[in-house]
Amino acid sequence: MPDITDYTGKITSEHANQPKYMAMVEAVSQALLGACDSAKSLPDDFDLDSAIGAQLDDVGVWVGVTRYVNTPLLGIYFALDTEGLGFDQGSWRGPFDPEDGITTLDDETYRTLIRAKIGANHWDGTLEQSRKILDLVFSGETFVFIEDNQDMSINVGVVGKPLSAVELALLTGGYIPIKPQSVRVSYYIVPVDESPLFGFDVTNQYISGFDQGSWGVIYT
């Protein structure tokens, strides 16, 4: 790594004993060294694994996804049979009140979304790669699976741990683009408990029949 003496050491004896001249050379050289140090740090500053804040926002711009997402406004408006949203609790929704609001993703969630967007940018349109992209965002206690109906439509099922409002917005709002061109997508999501989705002819931890499977909420 260059040092200030790498520059001042090349000054001839004719000028080396001139304090003002030496001070000027040192000042200019130090500015150049600082610029080199800053340039060397750029790869780490904008690396997806280590970038934070504004640097991570710039990575998102390159990839094509923002950290600001529209999320449903849950737990706000009046609803019968919903604890905490009954009379004298929930707010009455007026004719012009919005159904959603803007949420800013934290760095770790945004980093995960960027990875999923990178995968989507290289997606070949197959269900196999769609599965891998979804696994980047949803893993562990939440399981997302895809069913091809062979009629230009697919079903995306979500079972296990219920999705948060942000996760729901990421999945159904098009922020994770796994939809092939001209293909209709329906999302079947178990909203309350961790039981499997209701379905016929299948019995496993994801889909089950009467007395075990739960009706999912459909988003199209």
Side-chain angles (χ1 to χ4, degrees), residues 1-73 98 100-144 146 161 163-181:
M1 183 175 178
D3 185 79
I4 190 68
T5 57
D6 293 333
Y7 298 94
T8 58
K10 299 183 185 311
I11 298 175
T12 62
S13 57
E14 182 181 0
H15 303 287
N17 60 352
Q18 304 295 323
K20 292 184 178 180
Y21 178 79
M22 293 296 295
M24 182 273 294
V25 172
E26 289 180 4
V28 173
S29 300
Q30 192 61 55
L32 295 175
L33 287 173
C36 289
D37 290 340
S38 296
K40 288 179 180 179
S41 69
L42 289 177
D44 290 333
D45 290 341
F46 291 92
D47 184 89
L48 180 56
D49 292 328
S50 57
I52 59 174
Q55 287 76 27
L56 194 60
D57 289 335
D58 287 340
V59 175
V61 170
W62 298 338
V63 173
V65 65
T66 176
R67 74 162 72 227
Y68 304 102
V69 299
N70 284 312
T71 62
L73 294 177
D100 53 36
I102 301 297
T103 294
T104 303
L105 301 180
D106 62 84
D107 281 349
E108 289 309 310
T109 303
Y110 188 36
R111 199 187 318 277
T112 300
L113 179 59
I114 290 175
R115 288 196 178 96
K117 178 61 175 175
I118 292 173
N121 288 345
H122 295 84
W123 181 41
D124 62 3
T126 63
L127 291 181
E128 181 180 359
Q129 281 206 1
S130 298
R131 167 76 266 159
K132 294 178 181 179
I133 294 170
L134 289 172
D135 283 343
L136 289 173
V137 182
F138 307 101
S139 60
E141 299 177 355
T142 300
F143 183 79
V144 182
I146 302 175
K161 182 180 179 181
L163 299 178
S164 67
V166 171
E167 291 171 332
L168 179 62
L170 293 179
L171 182 61
T172 62
Y175 296 98
I176 308 171
I178 57 167
K179 177 183 175 301
Q181 187 68 30

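All residue numbers in this chain count up from 1 along the given sequence. Small disclaimer: the values here were computed from a predicted structure and weren't measured.
Taken from CD in Gln18 to CD1 in Ile11, the straight-line distance is 10.5 Å, to the nearest 0.5 Å. The OG atom of Ser38 sits 11.0 Å away from atom CG of Leu33, with the distance rounded to the nearest 0.5 Å. Atom CG of Asp37 and atom CD of Gln30 lie 8.5 Å apart (nearest 0.5 Å). Between His15 atom NE2 and Met24 atom CE the span is 10.0 Å, to the nearest 0.5 Å.
By the salt bridge (Lys or Arg N to Asp or Glu O under 4.0 Å) test, Asp57 is found to be paired with Arg67, residues two or more places apart in sequence or in another chain being considered. Applying the salt bridge (Lys or Arg N to Asp or Glu O under 4.0 Å) test to Asp44 and every residue at least two apart in sequence or in another chain returns nothing.
Looking only at side-chain heavy atoms (C-beta outward), Leu134 and Ile146 come within less than 4.5 Å of each other. Under the 4.5 Å side-chain criterion, counting only non-hydrogen atoms from C-beta, Thr104 is not in contact with Tyr110. In this structure, the side chains of Ile114 and Leu56 come closer than 4.5 Å at one or more pairs of heavy atoms.
His122 approaches Gln129 most closely through the heavy-atom pair O-OE1, 3.6 Å. Residues Ile52 and Arg111 come closest through the heavy atom pair CG2-NH2, 4.3 Å. Nearest heavy atom pair, residue Asn17 against residue Ser13, reads OD1-O, 3.9 Å.
A donor-acceptor pair is defined here as one N or O able to donate and one able to accept, closer than 3.5 Å; such a pair exists between the side chain of Tyr175 and the backbone of Asn70. No donor-acceptor distance shorter than 3.5 angstrom exists from the side chain of Asp45 to the backbone of Gln55, with no hydrogens or angles considered.
Of the listed residues (Asp107, Asp106, Thr112), just one forms a side-chain hydrogen bond (donor to acceptor under 3.5 Å, both in side chains) with Thr109, and that residue is Asp106.
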* To do: Please assess Ile118 against Leu136 for the test side-chain contact (heavy atoms from CB on, under 4.5 Å), listing each intermediate value before the final yes or no.
  => CA-CA 11 Å; Ile118 292 173; Leu136 289 173; over 6 Å; no
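Residue pairs meeting the ring pair (Phe, Tyr, Trp, His ring centres under 6.0 Å) criterion with at least one member in residues 28-67, sequence neighbours excluded, are Phe46-Trp62.
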